[in-house]
2 protein chains.
Amino acid sequence: MDLLLIEDDGMLGQAVEIGLSERQFSVQWVRTGAAAISESQRAPYDAVVLDLGLPDLDGSRVLSALRKKGQLMPVLVLTARDDSSETVKLLDLGADDYMVKPFDMNELAARLRALVRRQRGQASAELVVGPIRLDEVNFQVLVDEQRINLSRREFELLRALMTSPGRVHSRDKLEQVVFRNEQQVESNALEVHVHNLRKKLGNKEWIQTIRGVGYRLACK
Amino acid sequence: MDLLLIEDDGMLGQAVEIGLSERQFSVQWVRTGAAAISESQRAPYDAVVLDLGLPDLDGSRVLSALRKKGQLMPVLVLTARDDSSETVKLLDLGADDYMVKPFDMNELAARLRALVRRQRGQASAELVVGPIRLDEVNFQVLVDEQRINLSRREFELLRALMTSPGRVHSRDKLEQVVFRNEQQVESNALEVHVHNLRKKLGNKEWIQTIRGVGYRLACK
DNA sequence: ATAAAGACTTAAGGAAAACTTAAATTGATC
DNA sequence: GATCAATTTAAGTTTTCCTTAAGTCTTTAT
């Protein structure tokens, strides 16, 4: 998915660019509102991540300029503090979602995915595989309509598997997703999480292990 | 997956329609080339199964007519006899695969699935030989649509054989592939793997041994 | 027909990968 | 700082797989 990132701060911009790239987004990063507007007309984007407090224009003006140019893609706003008056204003102007800094990269990715999915008419911001339903925005998982409680790692693991059910996900890929940038794990932590997740899902057949390779979510 | 079946023979048409329906395809069956062309424009199909020897148009003209109308979906041709000059002509005209009658329904289904998958860009990383489908990405092997479980060595062995079916693979080459860099084997390990693989494939004829040379995969 | 060579079959021992469990560590919350 | 949940480590267990080896069967050559 192609994203347009509008962020003037170098550190934060780089962090977001890398973080989203690692999560399978294709990110175009611009630093000014003016650049954002011209870039948005050069190529189609699936969504925009807009930081408030840009140097040349403030966020709300960038947003309304985008909309005036006929750009209808979803816009997620990053805001410094949880100031309801401002966020309400933004949502009125046509922002689709917002997050307060500092934010979690996984959550940002999840919300973006949900926005794009909704935009495409795929309504449910949910991944559904067989009797498993995973709500990426609310961090909820239902199995046979029963809510189950997953830890963060378990949730990430399940989400990764559910994004392409039936496909084998290599250990390496899964470790990248589950443990993110955090210190490299040199133990069997992944196996432990798989074990616990299987237990919580109730059916140990669902997550199949491909010896020497990784794991797969059985899609039936 | 939606298929357009072009077949004038009633018996055969019905057999194919039922056979493919049972295998989760949605089949639209037409009996003439003219009907095929109008039907192909009415709705989008994932693939076409085209029998040669239709009453109103011969197969190659139907095929080129389809392509002229901008229909890009994969086309699998059913042909009466294995006449290489004709099949070459068809492949030139834009057919994607062909099978000689009488054919095995499982193999037809397998080939269609492979075609559609390849069309969708979902990594044509699948080898299909007769009723055997080997998915190189997901480390999965199906025989007659039934999943079978192969160990790493068995999988490598089968993959090697399937990359050029019908050709003889020397013992040495196979050992290189199966045992990779690992220590040279000075036992009959390869034979044991061949034996186990044959057992798992269910048909011991598939893998033929060429005494003093090696093995060959031949299943039809 | 018989011997020799090559291939097949089977079973056992050991190694590698994955599973399971529990304890130690971390991190957040009050 | 105490507590609780989440996470990682570590160690023991189980499972699966691979190799070896020995015996049997098949083919080929004499």
Side-chain angles (χ1 to χ4, degrees), chain A residues 102-104 106-107 139 141 148-161 168-218, chain B residues 139-141 147-161 168-172 174-218:
Chain A
F103 50 85
D104 176 74
N106 280 321
E107 185 172 354
F139 298 99
V141 176
I148 62 174
N149 244 317
L150 298 186
S151 74
R152 175 156 212 75
R153 298 270 132 113
E154 290 157 359
F155 185 89
E156 295 299 337
L157 176 56
L158 180 58
R159 168 159 64 194
L161 292 172
V168 174
H169 300 250
S170 74
R171 269 183 127 59
D172 282 352
K173 269 281 161 52
L174 290 175
E175 287 181 349
Q176 273 177 36
V177 172
V178 174
F179 304 117
R180 243 185 72 42
N181 296 334
E182 303 156 31
Q183 83 273 334
Q184 270 306 349
V185 173
E186 31 188 285
S187 77
N188 60 348
L190 182 67
E191 289 175 22
V192 174
H193 290 306
V194 169
H195 173 243
N196 293 329
L197 179 56
R198 276 178 174 147
K199 204 150 62 175
K200 288 187 180 178
L201 288 178
N203 185 332
K204 312 219 165 180
E205 314 284 297
W206 286 343
I207 300 178
Q208 301 175 341
T209 124
I210 285 65
R211 182 172 244 250
V213 185
Y215 296 89
R216 156 176 49 205
L217 187 65
Chain B
F139 299 94
Q140 182 171 253
V141 176
R147 172 133 191 263
I148 63 174
N149 245 317
L150 299 186
S151 75
R152 182 154 208 76
R153 298 269 135 110
E154 291 157 359
F155 186 89
E156 295 298 338
L157 176 56
L158 180 58
R159 167 156 63 188
L161 292 172
V168 177
H169 299 250
S170 75
R171 265 183 130 60
D172 281 353
L174 290 176
E175 286 183 349
Q176 270 177 37
V177 172
V178 173
F179 304 115
R180 296 194 181 279
N181 304 330
E182 305 155 32
Q183 84 276 333
Q184 269 307 343
V185 171
E186 25 189 288
S187 78
N188 61 347
L190 182 66
E191 289 176 22
V192 174
H193 290 307
V194 169
H195 173 244
N196 293 330
L197 179 55
R198 277 177 173 149
K199 202 150 64 175
K200 288 186 181 179
L201 289 178
N203 185 331
K204 313 224 165 177
E205 316 285 298
W206 291 160
I207 301 178
Q208 302 175 340
T209 121
I210 286 50
R211 181 169 244 252
V213 186
Y215 296 90
R216 159 173 54 194
L217 184 66

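Chain letters run A, B, ... following the sequence lines, proteins first and then strands; every chain starts at 1. Keep in mind it's a predicted model, so treat the numbers as computed, not measured.
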Side-chain N or O of Y215(A) closer than 4.0 Å to phosphate OP1/OP2 of dA17(C)
no

From CZ of R153(B) across to P of dA17(C) the rounded distance in Å is 10 Å

For nucleotides 22-30 of chain D, 5' to 3', base contacts (B), sugar-phosphate-only contacts (S) and non-contacts (-) with protein non-hydrogen atoms under 4.0 Å give B---BBS--

With a cut-off of less than 4.0 Å, is there a side-chain N or O of S151(B) near OP1 or OP2 of dT16(D)?
no

What residues, two or more places apart in sequence or in another chain, satisfy ring-ring contact (aromatic ring centres under 6.0 Å, His included) together with F155(B)?
F139(B)

Taking the side chain as everything from C-beta on, heavy atoms only, tell me whether I207(B) gets closer than 4.5 Å to T209(B).
no

Approximate separation, where rounding is to 0.5 Å, of L150(B) CG and L201(B) CG
7.0 Å

Kindly point out which of dA18(C), dA11(C), dT8(D) is positioned nearest to the side chain of V192(B)?
dA11(C)

Validation row: E191(B), R171(B) side chains within 4.5 angstrom (heavy atoms)
yes

Let me test you: for the helix from dA1(C)-dT30(D) to dC30(C)-dG1(D), what is the angle between the axes at its two ends (five pairs each), rounded to 10 degrees?
20°

Can you list the residues that meet the side-chain hydrogen bond (donor to acceptor under 3.5 Å, both in side chains) rule with R152(B), with sequence neighbours excluded?
none

Sidechain N-carboxylate O distance under 4.0 Å for R159(A), E156(A)
yes

Of dT21(C), dC8(C), dT9(D), the nucleotide closest to the side chain of S187(A) is dT9(D)

Counting just side-chain N and O atoms, does R171(A) come under 4.0 Å of either OP1 or OP2 of dA17(C)?
no

From CG of L197(A) over to P of dA6(D), roughly how many Å is that when rounded to an integer?
14 Å

Taking only N and O in the side chain of H195(B), is any of them less than 4.0 Å away from OP1 or OP2 of dT9(C)?
yes

Side-chain atoms of R198(B) come closest, of dC8(C), dT9(C), dT8(D), to dC8(C)

Using whole Å, report how far NZ of K199(A) lies from P of dA18(C).
20 Å

Residue pairs meeting side chain to side chain donor-acceptor pair (under 3.5 Å), one or both in residues 195-205 of chain A, sequence neighbours left out, come to E154(A)-K200(A)

Heavy atoms from C-beta onward define the side chain here; which of dA18(C), dT19(D), dA7(C) lies closest to that of A189(B)?
dT19(D)

Which nucleotides of nucleotides 24-30 of chain C have their base under 4.0 Å from a protein heavy atom (B), which only their sugar-phosphate (S), and which neither (-), written as one string 5' to 3'?
-------

